[in-house]
Structures are given as structure tokens and as C-alpha cells.
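Order of the sequence lines sets the chain letters (A, B, ...), proteins ahead of strands, with each chain counted from 1.
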Number of protein chains: 2
Amino acid sequence: MATRTNGKSGKQPTINDVAALAGVSKKTVSRVINRSEFITEKTRKAVQQAIETLGFVPNPQARALAFRRNFLIALLHDNPNPQMVLNFQQGVLDAIKDSDLAMIVRPVDRGSDRLLDDMRTFLEKQRPIGAMLLPPISENDELAALCDELGVRYVRIGSALLDDARHCVSSNDREVVAEAVGKLIDLGHRRIGFVRGPAGFRSAAEREKGFHEALAQAGLSLADENFAAGNYRFATGVEAGRKILSQPAPPTAIFCSNDEMAAGVISVAHDKGIRVPGDLSIIGFDDSPTATHIWPALSTVRWPIREMGMRAARTLVAEFLGPEAKIAESDSPVLPSTFIERQSVAAPARN
Amino acid sequence: MATRTNGKSGKQPTINDVAALAGVSKKTVSRVINRSEFITEKTRKAVQQAIETLGFVPNPQARALAFRRNFLIALLHDNPNPQMVLNFQQGVLDAIKDSDLAMIVRPVDRGSDRLLDDMRTFLEKQRPIGAMLLPPISENDELAALCDELGVRYVRIGSALLDDARHCVSSNDREVVAEAVGKLIDLGHRRIGFVRGPAGFRSAAEREKGFHEALAQAGLSLADENFAAGNYRFATGVEAGRKILSQPAPPTAIFCSNDEMAAGVISVAHDKGIRVPGDLSIIGFDDSPTATHIWPALSTVRWPIREMGMRAARTLVAEFLGPEAKIAESDSPVLPSTFIERQSVAAPARN
DNA sequence: TTGTAGGCGTTATCAA
DNA sequence: TTGATAACGCCTACAA
């Protein structure tokens, strides 16, 4: 019994239908699909023609089986912040839009002791071409090693270079925080508070370094009573605000390591009748929706997260995307962040 | 040449390896994998044994090819709000955690005139078992029809019943808005403003109905000057606030159809020196992160979005999940929302 | 440059 | 209840 080759049996047309219509072998069609070089322009056109008249779409499942690899890229994250995850997804999808790739999303539990096993099962089952690791799990070296072991490409997203350029996309948190705090100093602020992110997070460490760099450059230092450690959540911003703003002579400005904590500090200021920015300037980090929704609107740092998503996808699977997706050797894996000035910053009322 | 059947060639063991080790045919192994009934307990155990010693995991790509169907469920959304999308994803993943299913995510552009074509290509390529449509694209009947045509199951998420119970998961926006506005009335508010969502959105219409229901029940009505139409974005909340709060005798309370617009109204109130909730009570909708990040914290309505994600997955693919995922006939597809009281609501200062 | 034969790992068919 | 054989749709190796 010959393979069914009619294109009208109600099913999707297959490579056989295309081959029959174009009068070539299915291998030739396969070559056209996969952009092989060894094809005469003439046959290529004939095959293209047949593909179009039939509306043929290669079956990804069959390709996946033959290639021993799924045309998927996986996004692994621990939900650092929804806006970021979604913006990143958007960037990835911008990059793979016209390709054969799809994205699967996998939230993971960074705290779980089964994390590595879960990831192994997931990667073995899905066999994605590559995986993108968002912070903070991107900082986990064991995960990267696991990807290597399983032959899954990976890219780690971070606040600083976490790996070599082929495996990393990052922002420049340290630099841009130094710049932001520098602006506070230029405005005349001398007593500047700092709310740190959670211990063990690279982003928290980088932002802290940037803060101290700026202070050191101006010959300033951070007093213990102007420092608080949070965990990037609103509630810890409130705690930080209560601690720092309860002093008789609180600082005239506070740099918070993310917007959510900055919102917490601002809300304490409102409670205490401290005017922002009149009495207190505040800077956050992330440019989250919160930054513009609170009052006054928050000066903050914008991560180019959508661009990072696009870059991550290109770093991972450039050859599956168009030629414009190619990344030059000279392209840095560091995508610069931007300081955004809004209403929460002003010169200090008095010296 | 016989099929390679050694389990040690560095590759994953296949069904052949299992069959060889258990001394049965591969079809029998297949039956065990797929929980066929026509298997002696004895052979079943022998096969199980072999599966475990080999650490065999069925290859999803091969299954997908043979089944002509990918073990995927697709999440289609138009990014209504990141928190919601991510919470929904989380719910879906809760549901499919221990199954063979994975989730692919596909943001779409509701405005694009290629929307239907894009969706068709996507669904034909990926061949997911089912698709989940988030609002507002869930309201698009053509999309649902497309799913039907392609043999892809679907579930539509909405603010009200958009389809029959097998194709729908919804909240009860109308009721809960009526309840929330009822509370304002109980507190003594008589002049209550309303900021509507964008025209053409079912959620906006449902919330509007709920608002008018509550007013009607108390014999009140909405004055034109206390009404504004927004598009769910912060900026339109600001516009609405400017319009409604510029009157000589503005309302003592405003219901906003989502949190983002409520934040805009509150920010205008701050600008004008109108105290919230002293002079003006505000209620939002969504219980987004913004609701707790602004000052004062916003009374709002919480959508059970994570539960809806879980329910959507179960509605779609109950038979792939455990028996506990089964949905009874009597289970309503409506998951009730909850009114959350925070600091933005109080009794009016004077009558 | 193109085609033939065979394999990827699973399920379906139908006979035993 | 089980198994041999043929799909599923595409790709690789090798031959022409």
C-alpha cells in the first residue's frame, strides 16, 4: 500500500503531497524547508510554489522526532516580578515571531530541594533547544551545569555578567545605580539612606556596590541608622521606612533597591507627614508599573527587559531566526539600563 | 539490521529497551504506559519493573507524532495585566504539575487584522490539545470558532459567562461590584462617581451593570458629571479624576473599574489636596500589586485568578490530570470574586 | 544537485 | 490478553 499522497483527504498536506505536486522527492522538499544550499534555484522555486498552493506547514512533532529535539525554547523563572517576566516573554516572542520556534514557560520553586530533579525531568521530557534562566535562579550554577549535561543550550539573565558572553545577557546595575545616586549628590544631598535587597541576590549586591561607589566618590559614607535590608517586597520597604524615618534627623534622600520597597518607604513618609520630594527624595529601581502609579511618581531605573528577552532568544538560537538576528562578536551582552527622573526627587530643602 | 535495543548506548532508554528487558512486545509496554485495561496484572508489573530499572521516560515527541497531537495546552492572551497573566499561568501549572502536559504561552495582538491568521498558523503548527483564552481576546467569538474548526479544545476566561460551562470559566464581576458599591451606600455615600473601562470590553460592561444595580436598589442614580470613561490605564484614571474632582461639589466616593485607574484618581486627589478617604472614598478592581503599593491602600475586588487558571486547565484536560481534577456536573464555572476592604474607604465626612 | 532506503520512538490495526 | 507490522511526517546517510 503506497503512502497516502492526496492533499484533499481532509487532513493537513504532508511533505509527500508537496513532493508529488512539485514532481520531486520528499527529500528535496525537506531541503527547501531547511534552507539547504545544494538546491537549484529552479527546483527551489517549484517546491516553494507547491508548498504555497497546498498551504503546507511542516509538522513540528515529526521534525522534533527526527531532529531528536523540540523546536522550543524554555523560559525558567522564579517569578521575580510579574511585569518583568511578562516583558521578557514579550521580548522573546518578538525575536521568535517569524520563526518555527515556540516558547514554553516553566515557573520553578527556587526553595525546593527537588529543584534540580524537577528541572532534569522537565528538560529531558521537553527537550527544548535552549533554556533562558531569569534571575534569581539564573545565579544558580548547578542549573547551568545541568543544561550543559543535557545538551540544552542556556542563557542566564542577570544584573551583571554571570557567565561568558555566549551564555549571558545582563544589565549594568552597578553603574546605573552609581549614576542615579550621583544625581542625588549633585543636587546637594549628603545624608543618603539605602535600602538593600535580599542577601544572596546578585542584583542586590550589584546595586549596593553602585550605591557605595557613588558615595565614596563624593567622600561620603553610609551611616548604619540610614541603612535597612529588605527582600524586594513592599512590606520590607515599610519596615525600612519606619526604621530610617523615625530618627530625629533622617536622611534627605533614600535609594531603594527596587520600586516596591520604594513604594513602602513613600507610604511611611505619607503616614508621618514627611513630604516627598520636599523633605525626602526617593529613588527606586525597575520602573515597574508601581513607579508611575504611586504619588508622587517615582524616579527609578529602567531595565531594558524586553530587549533582554529578545537578545536572550537571539543569543540562544540565532541560526533559527532571520539573518538580522545574528549577534556580532563585538556586541556586548550588557544592555544598559536608564535612569528615569520623575517627581520623587528634588534638591534637599536645607543644608 | 535490528533496531538497537541496548539501554546503555549513552542515550535515553526507549520503549524497545523496556520491551526487551521485560520480555514482551513494545505494544504491551505502550499499553502499560497508556493505562490500557487489557493487561494482566502480572505483565503490567513486569513492565513497570523494567520501566523503573531502566528509568524509562516516554518520548513526548514520538507520542505527539503518533497521537497526532501535542501534549501541550496553549495560553493565549493580549497582556491585559501582567500580574493576572502570571497568576493565571501559575494556576495552570498547579493543575498540570504532575501530568505529562506542558504549557506554551502566546501573546497576541488583539488589534492586528492578521490575528485570526496568526492564531490559525500557531494552532496548526503546535497542535495543542487545548487553548485557554484570557480576556479580552476571550470575548472574540471568531477565535473560539477557529479552535472548534481546528479540533482544538478551548476555554474562555471572562467576567461573565461567555459560553457554555464546558468552554468557560468566569468571575462574577456584576455581583461583586454591586456588593462593593452597596457598602459605600451603607456607609452613607449618596453622590458616587463611576469610572468605566473601555467600550467593547465585557468586563467593563459587567462592572458598569453592577454599579448601576447597586445605585438603583438604593434609589440613586449617576449624574453625568460624576461619570468618566477610561481604558483601564493609569493615564485615563488621571483624566477621569481631573474631570470628576474639578467640580465645586464632587462626589464623596468613586468606583473605578480597575485599580490602575483608581490609582490615577487618587493621584489627582493628592494633587488637589483632597484627602483619601477623609474627603473621598475610592474603590478599585483587580487587587493588583498597585492596590497595596499606593497610599492609602486601595479597597478593591480580588479576582480568584490563580484558581481560575487551575479550573481552566481542568476544564480543558481533566482526563490527563489526576482523578482529583475531575469537575463535577454540579460545579459552577463561575468562581466568585471577593471584595477587599483597605484604607481608601470611609464614611463621608458630612452629609 | 537529487533520490533511495532506513530510522527517530511511539501508537493503531488486526490477527493470533 | 498479546504481538507483528504498518503507520505518523520528517530527516540522515549514502548512492546516483
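When the P atom of C:dG7 is taken as reference, atom CZ of A:Arg69 falls 23 Å away, rounded to whole Å. Nucleotide D:dG9 holds its P atom 17 Å from the CZ atom of A:Phe71, rounded to whole Å. When the C1' atom of C:dT2 is taken as reference, atom CD of A:Glu41 falls 16 Å away, rounded to whole Å. Distance B:Leu65 CG to D:dA7 C1': 9 Å, rounded to the nearest Å. Separating the CD atom of A:Gln61 from the P atom of D:dC11 is a distance of 13 Å, rounded to the nearest angstrom.
Residues satisfying the salt bridge (Lys or Arg N to Asp or Glu O under 4.0 Å) criterion with B:Arg31, sequence neighbours excluded, are absent altogether. Evaluation of the salt bridge (Lys or Arg N to Asp or Glu O under 4.0 Å) rule for A:Arg106 yields no partner, not counting sequence neighbours.
With hydrogens and angles ignored, the 3.5 Å screen pairs no side-chain donor or acceptor of A:Thr40 with any backbone N or O of A:Lys42. In this structure, B:Asn140 contributes its side chain and B:Ile137 its backbone to no donor-acceptor pair below 3.5 Å.
Within the structure, every pair that satisfies the salt bridge (Lys or Arg N to Asp or Glu O under 4.0 Å) test and touches residues 107-119 of chain A, not counting sequence neighbours, is listed here: A:Asp78-A:Arg110, A:Arg114-A:Asp118. For residues 145-157 of chain B, the salt bridge (Lys or Arg N to Asp or Glu O under 4.0 Å) pairs, not counting sequence neighbours, are B:Arg120-B:Glu149, B:Asp141-B:Arg156, B:Arg153-B:Glu319, B:Arg156-B:Asp163.
With respect to A:Pro128, the side chain to side chain contact (heavy atoms under 4.5 Å, CB included) criterion is satisfied by exactly one of A:Ile73, A:Leu123, A:Leu75: A:Leu123.
Under the 30°/60° scheme for interplanar angles, the aromatic rings of B:His167 and B:Tyr154 are found to lie parallel.
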Check: Reading nucleotides 10-16 of chain C 5' to 3', which nucleotides get B (base under 4.0 Å from a protein heavy atom), which S (sugar-phosphate only), which -?
Finding: BBB----
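OP1 or OP2 of D:dT2 lies within a sub-4.0 Å distance of a side-chain N or O belonging to B:Thr40. Remark: B:Thr28 is in phosphate contact with D:dG3, judged by side-chain N or O atoms under 4.0 Å from OP1 or OP2.
Fit an axis to the five pairs at each end of the helix from C:dT1-D:dA16 to C:dA16-D:dT1 and the two axes sit 30° apart, to the nearest 10 degrees.
For B:Ser25, the listed nucleotide lying nearest its side chain is D:dG3; candidates were D:dG9, D:dG3, C:dT1.
At most 12 heavy atoms of other shown residues, nucleotides or ligands fall within 6.0 angstrom of atom CD in B:Glu142.
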